Each structure stands twice: as C-alpha cells, then as structure tokens.
Amino acid sequence: THCILLGAPVDEGQRRPGCLMGPAAYRVAGIADTLATLGHSVEDRGDVTPAPPGQESCDNPAIHHLPEIVSWTNALREATSTALSDGMPIIMGGDHSLALGSVAGVAAHAASISRPQFVIWLDAHSDFHSIQTTTSGNLHGTPMAYANGRPGFAPLPPFPNPIPGGNICMFGIRSVDPAEYSAMQETDIMVNDMRVLDEQGIAAPLSAFLDRVAAANGMLHVSLDVDFLDPSIAPAVGTTVPGGTTFREAHLVMELLHESNLVTSLDLVELNPFLDDRGRTAKLMVDLVGSLMGRKVFDRPTRSY
Ligand code: DIR
Ligand code: MN
Ligand code: MN
C-alpha cells in the first residue's frame, strides 16, 4: 500500500491545548518506519495548512472557534480527497473535529468513483452532535452527525454525499449525551457500545459489519480516537472515560480490519502529547497502526501443530 501521511494539527475543536502536537508525536514515535518495515511505501506530505479563518458565526453561543474549524474542514477535505487518488491517506491529528474534513474528503472521492463509503468509528463518544445541539460547544463532538447528513451544520458547506446510517459502525461507545442519543435513535447506525463488546466480544459484531462493506464493494474509513482505549493504557487524551477497550481488544480490531482488506483511509485523533507518559500513548497508537497495516506478533502461530 502507498501510505500518505497528512499532519492535521487541529486543536480548536476542544479546549485542552496539546492536540496540535499530535502529528509531531506520531512522527517521533516512528509511524513512517513502522509502515516501511511492513513493506509499504510511505509519503509524508507534511502538515496541512488551513486558510486564514473567516468571520463565520452561528446562533449557538456555546460554540468555540467556529471560523478556525470551517477553515480546517475545507483544507482537510481537499487534502484527503486528493491523497485518496494516490494512495491511502493517514490523517494524523489533531482533535476529532478534523474528521469533519477528512470524512467529507473520503465521501467526495468515493462518490466520484461511484463506490459506497463506509465508516468505522472507534471512540468512547458517538460524536453525534450538530452545531446546534452541542452544549459543550466543542466541535470535536460533531463529525459523525455531519457525515450522516444531519441538519444544523451551517455555516459548514453541506456534507458531500452523506453516509447512510447503515454504512456506519461505532465501537467502544460509553459516553453519549442526551441530544446525541435521541438523534441516533432516528438512524440505523450499528452502535456497538461497551456492553455489546462485553457480551459478544469484538469479532462477531465487527465481522458482521465488514461483510456488509465487502458485499457492497465499499470503501472503508477508520476513525480511531485515543479514548477508544482504556485510560490505563492510553492516558494522553483530554477526555478520558473509564472502561475502554484493552490492549488486546484494540489490536484484535486492527488485525481483523487488516485481514478484511477493506480499509482505504485512516484518522488518528485526540492524541494530546502534553498529557502523555513518556510517549507511551503515541507509541501504542503507532503499534495499532502497525497491526492495521499487517503486523502480526500477538500469539499467532507461525506453523501448524
Ligand atoms: C461530549 C464529548 N459529547 C461533547 N465529546 C467528545 O463535548 O460533545 N469527546 N468527542 O472526546
Ligand atoms: Mn471522538
Ligand atoms: Mn472520544
């Protein structure tokens, strides 16, 4: 695979400064070498630069840094769709508001080649607010609703070719606000919250979704939020939620995604290196990228008995 690294040092989608250091941390943690060692070609296109922010406003007074996020969305949509013509974009965040742009970019590209777009959202949160419904005002809590074509996103441009709920699968969910919950009730998004993982494990629900992607010849975008992981193994995130996925569950997700051969783009979001413990969260995220891209080291027999 030709892997295209795009740095997206977005920090304005939440209020805990530090995510802007994420792209640098992934580079220091060896993301390019990890991919090259697995036999992939790697092209680092550097950090995306947004246009200077404009004057956009909205009638929700809680909203934080809207003009900056509009600029990031436009720049990341273009960078991601361009990269997808050349290889597999890996968008190194940056907070999760970057997915307003990256997912718009992949959806626009998929529409241009008449393939359906699918998304797997690995996160403690559903990120299903609109600009109108968010009470925190943090736009990192909105990209999944934007991608699903929900109303309430002016002044962002309309999402290109909204992704139907049936093409969206969430894993790891354990923090959903009331307005997100009621909006999701109107969709057929496959929501695998932690209770589903406790009762059914990773493999069965994930395979059911991947079968749908394969049957539709879909493109699959993976959006990996650091808080998908349990805070005990991934402390470098501003919005820790207890009860996340374990090291082994997370690697299993990545290995199954690799074996499916369906993944066409990836976001790495919410890493806040300022909160990290000697780079361990950055290194874990890079190791997960390794599993997603074909590394197999976890008690996989290399011969049969
Ligand atoms: C909360 C937290 N639902 C909000 N969201 C996220 O502010 O809207 N935290 N995405 O990571
Ligand atoms: Mn998120
Ligand atoms: Mn989250």
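Both ligands and their constituent atoms are indexed starting at 1 by order of listing. Please read these numbers as outputs of a predicted model, since none were measured by experiment. Just so it is clear, the values below take in all heavy atoms, side chains as well, and ignore hydrogens, waters and symmetry mates.
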Ligand 1 versus Glu180: contacting region, heavy-atom distance under 4.0 Å: side chain
Side chain, backbone, both or neither: His140 near ligand 1, heavy atoms under 4.0 Å: both
Path from Tyr146 to Val222 over hydrophobic side-chain contacts below 4.5 Å: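 In one cluster: no.
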Single-linkage hydrophobic cluster Met170~Leu210, side-chain heavy atoms < 4.5 angstrom: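 Met170 does not cluster with Leu210.
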Pair Arg27-Asp44, salt bridge (Lys or Arg N to Asp or Glu O under 4.0 Å): steps then yes or no: CA-CA 10 Å; Arg27 292 185 178 104; Asp44 189 341; 2.6 Å; yes
I'd like to check which ligand 1 atoms, numbered from 1 as shown, lie under 4.0 Å from a non-hydrogen atom of [X].
X      : answer
Thr239 : 9 (N), 11 (O)
His129 : 8 (O)
Asp227 : 11 (O)
Asp177 : 1 (C), 3 (N), 4 (C), 8 (O)

Test log, rule salt bridge (Lys or Arg N to Asp or Glu O under 4.0 Å), inputs Arg150 and Glu186: CA-CA 10 Å; Arg150 303 295 294 180; Glu186 295 165 25; 3.2 Å; yes
Ring center gap for Trp72 and His65 short of 6.0 angstrom: no
Around [atom], find the nearest protein heavy atom and jot down its residue, atom name and distance.
atom                    : result
atom 7 (O) of ligand 1  : Ser136 OG, 2.6 Å
atom 10 (N) of ligand 1 : Asp127 OD1, 2.5 Å
atom 2 (C) of ligand 1  : His125 CD2, 3.7 Å

4.0 Å heavy-atom contact, Gln14 with ligand 1: no
Other ILVMFWY residues reachable from Leu20 by side-chain steps of under 4.5 Å: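 Listed partners: Met21, Phe274.
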Nearest heavy-atom neighbours spanning Ile91 and Ser102: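 Nearest heavy atoms, Ile91 then Ser102: CD1-CB, 4.0 Å.
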Val103 to Trp121 - nearest heavy-atom pair and separation: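 Looks like CG2-CZ3, 4.5 Å.
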Salt bridge (Lys or Arg N to Asp or Glu O under 4.0 Å) evaluation trace for Asp287 with Arg295: CA-CA 9 Å; Asp287 277 341; Arg295 187 195 280 159; 3.0 Å; yes
Stepwise salt bridge (Lys or Arg N to Asp or Glu O under 4.0 Å) check, Arg45 with Asp86: CA-CA 12 Å; Arg45 294 194 176 172; Asp86 306 328; 2.8 Å; yes
Neighbouring protein N, O or S atoms of the Mn ion (ligand 3), below 2.8 Å: 5
Intermediate values then yes/no, side chain to side chain donor-acceptor pair (under 3.5 Å), Asn138 and Arg15: CA-CA 7 Å; Asn138 296 334; Arg15 297 178 205 240; 2.7 Å; yes
